[in-house]
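In listed order, ligands and their atoms are each counted from 1. Side chains are part of it too, since the values below use all heavy atoms of this structure and drop only hydrogens, waters and symmetry mates. Because the structure is a prediction, the values reported are computed rather than measured.
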Amino acid sequence: MTAHQPTSELSGCPDVRSQTDRQRAQQRLIKNDANDWVLLHHADVLAAAKDDKRFSSQVSRFLQVPNGLDGAEHTQFRTLIERYLTAEAITPFVADFERIAQELMVSLPMDTPIEAVSEIGAVFAVRAQSAWLGWPASLEPALLQWVKNNNNAAQQQDPILLRQVADDFDDIIRSIVRPRREAAPGSPLYNADDITSRLCRERIDGRLLSEEELVSILRNWTGGDLGSIALCVGVIMAFLAQHPEHAQRLAHADNQDVEQTLDEIIRLDNPFVSNRRITTCPVTVGEHTIAPHSRVYLNWTSANRDESVFGVDQFKPSAHAPHNLVYGAGKHVCPGRLLATWQLRITTQALLKACKDIRLAPNSPLVRERPPLGGYSHVWVLLS
Ligand code: HEM
């Protein structure tokens, strides 16, 4: 399980977004099929995200660094991780991301239906993350297959399948981490300067990170993120194909404007639906008292569409930016926000440069993901 792994929250409904729009109009919080609480309103989700004392992140029996940690332990690992995700740390990789995006866009066929989530989003995400982490390009087929398997397992919410895909991913990460940890002094890998090698040399309390900790950190940086980026690309493509006026404007907009616009597109249709917490004491929300040790979902998709904050389907990038919860809030707020934002901007800009027109392909162009996933499973477009 990663910070971005979809977890079961709602089931038996066609589409998380419209389902929670209906529920939010009637209730502040609901119980899902598993009898867990789901917070739907912006104010409640934000308050829970900021209240890490009463809403613990220790939700799993598996090690999750840093998303499953609380208090000082979380801060210690979080500080280590943040060093890799600052603007200064990511800037040297921007040229790689731009080259990857341009090469991908140039390779896409024109006037032929293309499925944007898998053929653009997932491919770009795997290549960009591999370039950032120093992973070999030969891993691409295995990573793309894994993104598909992970998606299927998340759809089915089958614990055995979920465990299997988690184990498969850990095996991929171990195949990269082990040779670096075991490299003999003087060998090329021993002194390698890629991000994964540098992470393998990191210390906490004077000791090297354990293999388990390294695998967990890298799982968080890749496993869930690949799917999140791919789903966000799908939402962005669906929006641009339906709003050519925005596509035209963005083709000539500056970076900040593009980033803010993309944040607003994703806010309206947030494919990264929710994260879990466990209450440490009784917590009152409205007329309900949530008992200690209850599972509570912070539903970002619903909070991001709360009419009392954002109006009904209103598109206002700069006015809504301060309230946007796509990347969470509080101590666990996404440390990869800048990396994700830059990657989404770069891939969108490359697309708008490579083609004049993006249209939805005829016949079922948009297929919604089924809960617990948000966004679209398929976005068929025609580029010209
Ligand atoms: C569009 C892409 C992304 C979205 C929508 C997203 C969203 C989020 C959200 C909402 C959280 C808060 C989780 C919580 O409160 O429990 C989070 C946490 C996290 N994200 Fe992201 N994220 C994205 C990309 C990335 C990337 C690229 C990385 C790193 C390479 C990353 C690393 C993490 C980590 C490590 C956490 C856990 C932080 C902690 O517990 O302190 N994310 N993300």
- Option nearest atom 39 (C) of ligand 1 (shortest heavy-atom distance, choices Arg337, His332, Gln343):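 Residue with the shortest heavy-atom distance to the ligand atom: His332.
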
- Task: From atom 29 (C) of ligand 1, work out which of Trp342, Tyr327, Trp221, Phe272 has a heavy atom at the shortest distance.
- Result: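 Minimum heavy-atom distance to atom 29 (C) of ligand 1 goes to Trp221.
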
In terms of side-chain geometry, is the basic nitrogen of [X] or [Y] positioned less than 4.0 Å from the acidic oxygen of its partner?
X: Glu287; Y: Arg28; answer: no
X: Glu202; Y: Arg83; answer: yes
X: Asp257; Y: Arg249; answer: yes

- Query: Does at least one non-hydrogen atom of Tyr84 fall below 4.0 angstrom from an atom of ligand 1?
  - Reply: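 False for this residue.
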
Proximal ligand 1 atoms for [X], defined as those under 4.0 Å from one of its heavy atoms:
X: Lys331; answer: 41 (O)
X: Trp300; answer: 10 (C), 15 (O)
X: Pro66; answer: 35 (C), 38 (C), 39 (C), 40 (O), 41 (O)
X: Val326; answer: 5 (C), 7 (C), 10 (C)
X: Arg78; answer: 38 (C), 39 (C), 41 (O)
X: His74; answer: 39 (C), 40 (O), 41 (O)
X: Gly336; answer: 26 (C), 27 (C), 28 (C), 29 (C), 31 (C)
X: Trp132; answer: 30 (C)

- Item | With Trp221, the ring-ring contact (aromatic ring centres under 6.0 Å, His included) member among Trp132, Phe169, Trp135 |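 Testing Trp221 for a ring-ring contact (aromatic ring centres under 6.0 Å, His included) against Trp132, Phe169, Trp135 leaves exactly one candidate, Trp132.
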
- Item | Under-4.0 Å heavy-atom contact with ligand 1, by part of Cys232 that carries it |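 Near ligand 1, Cys232 shows its side chain, while the N, CA, C and O stay back.
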
- Task: With heavy atoms under 4.0 Å as the rule, classify the contact between Asn67 and ligand 1 as side chain, backbone, both or neither.
- Result: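 Answer for Asn67: both.
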
- Could you state the interatomic distance from CZ (Phe93) to CD (Gln129), rounded to the nearest 0.5 Å?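 Those atoms lie 10.5 Å apart.
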
- Whether His320 and Phe310 hold their rings parallel, tilted or perpendicular, with breakpoints at 30° and 60°: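 His320 vs Phe310 ring planes: perpendicular.
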
- Query: Between Asn270, Asp313, Thr20, which is the residue that forms a side-chain hydrogen bond (donor to acceptor under 3.5 Å, both in side chains) with Arg305?
  - Reply: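 Between Arg305 and the candidates, side-chain hydrogen bond (donor to acceptor under 3.5 Å, both in side chains) is satisfied uniquely by Asp313.
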
- Any nitrogen or oxygen of Arg277, main chain or side chain, under 3.5 Å from a nitrogen or oxygen of ligand 1?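 Yes, Arg277 has an N/O under 3.5 Å of an N/O on ligand 1.
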
- Row check, Phe62 ring normal vs Arg163 NZ/CZ: under 6.0 Å, within 45°: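 Yes, cation above the ring, under 6.0 Å and within 45°.
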
- Item | Any side-chain heavy-atom pair of Leu268 and Gln314 under 4.5 Å |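 Not in contact.
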
